[in-house]
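Atoms within a ligand are numbered from 1 in the order they appear, just like the ligands themselves. Counting begins at 1 with the first residue of the sequence. As a basis for the values below, the full set of heavy atoms in this structure was taken, side chains included, without hydrogen atoms, waters or symmetry mates. Since the model is a prediction, treat every value here as computed from it, not as a measurement.
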Amino acid sequence: MPSTPFIIVAIDGGAASGKSSSSRTLSERFNLLHVDTGSFYRAITAEMLRQRVNSHDLAAVKSALAGIKLATRVNGRSAAMEIGGHVAGDEIRSRAVNDHVSHFAAIPEVRTALLAYQRGLAGVAREKNFRGLVMEGRDIGSVIFPDADFRFFLHADPAERARRRASEGGQDSIAERDRLDSSRKTSPLACPLGAVSIDTTHVTLAQVVEKMAVPLAARLGTP
Ligand code: CDP
Ligand code: CDP
């Protein structure tokens with residue numbers, strides 16, 4: 001009997017384009033390990049702020065990174081990053097983290113510190129007998145897994161994305177984060193060549209998920 005393939009699904013896009021909602025649904029439907037890499041950058045940022053490290057002070061950033069020990073905790077179908085044995089909580093969605101995360105994420109040393117860690121999660125998914133990995137972020141299909149089996153890029157009108165984020169409550173200047181994320185030199189937010197681009201502005205989440213699920217089901221079989 002042929003063994004079931006192990007698949008890697010990369011989902012990238014700007015803030016509130018629908019990455020988390022769609023990747024969580026795909027993870028449930030196809031039994032894939034779900035990885036929200038934005039939460040990693042947020043957790044590193046929260047730790048930097050806790051240590052009072054300024055993103056402009058590269059020496060301090062490097063020294064803090066050298067002291068950070070990363071590990072993984074799998075909860076259900078979700079992989080959470082531990083820093084020093086601790087998984088960050090709601091503080092990673094705070095106003096302070098929203099305001100600083102794109103500045104820390106633009107630092108090449110910060111991205112390098114997370115590169116091997118993120119790639120290593122494919123091994124965690126295999127060990128735990130998932131049928132694959134669905135990883136969402138900004139550079140998954142371009143840098144982390146450029147050879148992923150499926151690469152999607154979600155986008156939506158800025159006004160619609162701002163409306164979505166505002167309706168969730170909290171304060172988040174997503175236009176400014178998108179500007180910083182798209183203009184940085186290292187791993188900028190952009191639709192990678194060959195990725196399937198989906199405009200989510202006027203479609204429901206269910207329709208977005210269906211579009212992604214069709215090719216996955218063709219590879220894995222209908223769950
Ligand atoms: O949920 P939302 O799309 O608003 O943001 P997020 O996915 O939690 O990501 C927070 C920030 O982390 C982004 O604005 C980027 O600055 C950074 N990030 C990144 O640089 N690369 C990734 N692969 C994921 C997130
Ligand atoms: O992860 P990301 O920041 O890209 O977006 P999300 O957290 O999945 O989606 C942000 C909000 O937009 C959620 O409340 C979704 O339910 C909503 N959404 C929507 O209304 N229609 C879509 N086509 C996609 C997302």
Heteroatom distance test ([X], ligand 1): nitrogen or oxygen, under 3.5 angstrom:
| X | value |
| --- | --- |
| Arg138 | yes |
| Asp36 | no |
| Glu136 | no |
| Tyr41 | no |
| Gln118 | no |

Those atoms of ligand 1 less than 4.0 Å from some heavy atom in [X]:
| X | answer |
| --- | --- |
| Val101 | 11 (C), 12 (O) |
| Ala105 | 16 (O), 17 (C), 20 (O) |
| Lys19 | 3 (O) |
| Arg165 | 1 (O), 2 (P), 4 (O) |

In the protein, what heavy atom is nearest to [atom], and what distance, to one decimal place, separates them?
| atom | answer |
| --- | --- |
| atom 25 (C) of ligand 2 | Leu205 CD1, 3.6 Å |
| atom 8 (O) of ligand 2 | Ser21 OG, 2.5 Å |
| atom 1 (O) of ligand 2 | Ser20 N, 2.8 Å |
| atom 24 (C) of ligand 1 | Thr37 OG1, 3.4 Å |
| atom 11 (C) of ligand 2 | Glu168 OE2, 3.3 Å |
| atom 15 (C) of ligand 1 | Asp181 OD2, 3.2 Å |
| atom 21 (N) of ligand 1 | Arg111 NH2, 2.9 Å |

- Can you pull the salt bridge (charged side-chain N to carboxylate O under 4.0 Å, His left out) pairs that have at least one residue in residues 191-210, sequence neighbours excluded? Arg29-Glu210

- Mind checking side chain to side chain contact (heavy atoms under 4.5 Å, CB included) for Arg93 and listing every partner two or more places apart, or none if nothing turns up? Asp36, Ser39, Arg42

- Query: Side chains of His155 and Ser17: do they bring a donor and an acceptor to under 3.5 Å?
  - Reply: no

- Message: Is the positively charged end of Arg151 above the ring of Phe145, judged by distance under 6.0 angstrom from the centroid and angle within 45° of the axis?
- Response: no

- Query: For ligand 1, which part of Arg184 has a heavy atom less than 4.0 Å away: the side chain, the backbone, both, or neither?
  - Reply: side chain

- Item | Sub-4.0 Å atoms of ligand 2 with respect to non-hydrogen atoms of Gly18 | 2 (P), 4 (O), 5 (O), 6 (P), 8 (O), 9 (O), 24 (C), 25 (C)

- Take the angle between the ring planes of His100 and Phe104 and call it parallel below 30°, perpendicular above 60°, tilted in between. tilted

